[in-house]
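This is a predicted model, so every value here is computed, not measured. Below, chain A is the first sequence line, B the second, and so on; all start at residue 1.
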Amino acid sequence: MSSDTRVRFAPSPTGYLHVGGLRTALYNYLFARKHGGTFVLRIEDTDRKRFVEGAEEALIDSLRWCGLDFDEGPGARGDEDGPYGPYRQSDRQELYVAAANKLLESGHAYRCYRTDDELQQIREEHQANKSPGRLKVRLPEEESARRAADGMPSVVRLKVPDGETLSVNDLVRGEVSISSDIVDDQILLKSDGFPTYHLANVVDDHAMKISHVIRGEEWLPSMPKHLLLYRALGYELPQFAHLPLLLNSDRSKLSKRQGDVAVEDYREKSFYPEALLNFVAFLGWNPGDDREMFSLDELIEEFSLKRVNKSGAIFNLEKLSWFNQQYLRERPVAETIGQLRPLLTEKGWGEFDDAYLAEVIELMKERVTFPYEIPELGSYFFVDPTEYDEKTVKKRWKAESGERMTRLAERLEGGSWKADDLETVFKDQAEKEEIGAGQFIHPTRLAVSGTGVGPSLYHMLETLGEERCLRRIRKATEVLG
RNA sequence: GUCCCCAUCGUCUAGUUGGUUAGGACACCACCCUUUCAAGGUGGCGACACGGGUUCGAAUCCCGUUGGGGAUGCCA
């Protein structure tokens, strides 16, 4: 495939970027980049009732946060959006009206004057009769003329032919065919004059020279309508690829209500965009071997529609978290410091220098999934413990612990504060007192951190420094006895 | 109801031309390491929805059943 590969992501600005949409956008992006093609962003805002202020900005913001830059579309190139603009359907109205008129003239479409009530009744009867065919909405010629003369509102409908088998060779599903007899006369132009998805989509994909339509599986059933439109309008057919759906844990189509579905939700929870992308890329695609960690560039290198699955995939938060943990571990410390610092300021825990924070991060990053967990699980790196974990006290702080800790502190004072040396002192002291080193190790951890869990004790002490440690040990002997 | 799509461990999946002890990852369990917790290592648990064909041989091909999902909007 050459540079005339053109794909598009065409979201409706009804709020936010759905993770399913992100996956669709990602596959389109990967396909475009892989083939040296063009990735277009088109805003499908033909439904005035669902218009949400700021949704387009939020959408673009989420896309950019993930690093999916588009070549054409609103704001793609600063002042200029691209050669096939405008890229908002609300700005392309004439095109749709022109196409609808053309279809009207050629007899592929007709004006329909049915009322909502009539339509509802037709649907009910259709279902009651268990009839497999098309909804019979066409009015006799004279009745249409009469209603038109009465000035009744109308829509433009596609006049679906009888007895045809409409099939397409889908890039992920192979040949899919549907009989035209069961395809309804799709509304093309609504009574408010705006086009429906079906018309606008086909007109724009053609006008924007889209070569591959890569979209969600929910569009597969309407594919025959689109085929008919391409044909009636005399457009060349693009290639189609219908992607498997992203699912809730109950296998229904991924939706709000059963968890977070907006990219911005995950951004707020401080997932790394790389982790989200990596995770979402593997929902429906894999490279065919055991590798799992992929940067965007590596995905571009490996991606192929041939390896896209047919069945839906459950969005599994645990796996996403695992990816995030992996990414956190390979992150440059400087970046994590930058994430950590505002959290500390927010908690009013004061200022800490980079070197100190870097050490804390090194000790903690293998134990957490998100940077924000570092101050949560490791508050003791920043403030003295104000209480001691009850269970740990019960288990580790014996009657003699207070005196032992006092003797240990005395011996430690003024000595080397390197982890290795500390370890030597602990072991030596234990030997002297003829007890297990654990009798010092556990109470010390408790005294210094307030908890029974955490990083390697000696390294933790080294990082914390002599002053903090001795102060805390003495405080603990007072409080715990 | 009707139409379309789908079907391998709990989850994501490998398996692309029929012959594998059906592989990996997440999660879970055990052990090792660590006198903590993680991480890491080792091992374990765990799947071809069912029934018919075709074939010497089927997870793989065909048919049916069942199950799941999607569509059926003047939403996209």
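Contact annotation: A:Lys310 does not reach the phosphate of B:C4 (side-chain N/O to OP1 or OP2, under 4.0 Å). When the side-chain nitrogen and oxygen atoms of A:Arg329 are compared with OP1 and OP2 of B:G40, one or more of them lie within a distance under 4.0 Å. Note on A:Lys49: every side-chain N or O is 4.0 Å or more away from OP1 and OP2 of B:G73. For A:Arg111, no side-chain nitrogen or oxygen approaches OP1 or OP2 of B:C74 to under 4.0 Å. Phosphate contact (OP1/OP2 of B:C12, side-chain N/O of A:Asn286, threshold under 4.0 Å): absent. Under 4.0 angstrom from either OP1 or OP2 of B:A76 there lies no side-chain N or O belonging to A:Thr14. At the phosphate of B:U34, neither OP1 nor OP2 sits under 4.0 Å from any side-chain N or O atom of A:Arg445.
Geometrically, A:Arg111 does not engage A:Tyr113 in a cation-pi contact defined by less than 6.0 Å to the ring centre and at most 45° from the axis.
Among the heavy atoms of the strands lying under 4.0 Å from A:Gly436 is at least one base atom, whether or not backbone atoms are also near. Counting non-hydrogen atoms under 4.0 angstrom, A:Asn201 reaches nothing in the nucleic acid. Counting non-hydrogen atoms under 4.0 angstrom, A:Ser191 reaches a base of the nucleic acid. Counting non-hydrogen atoms under 4.0 angstrom, A:Ile441 reaches a base of the nucleic acid. Here A:Tyr197 lies in heavy-atom contact (under 4.0 Å) with a base.
A distance of about 26 Å separates the P atoms of B:G10 and B:C62, rounded to the whole Å. With both ends at atom P, the span from B:A30 to B:G68 equals 35 Å, rounded to whole Å.
As a whole-Å value, the separation of A:His198 NE2 from B:A71 P is 11 Å.
Side-chain atoms of A:His242 and A:Val172, non-hydrogen and from C-beta on, never get closer than 4.5 Å to each other. With contacts defined as side-chain heavy-atom distances shorter than 4.5 Å, the pair A:Arg404/A:Pro443 does not qualify.
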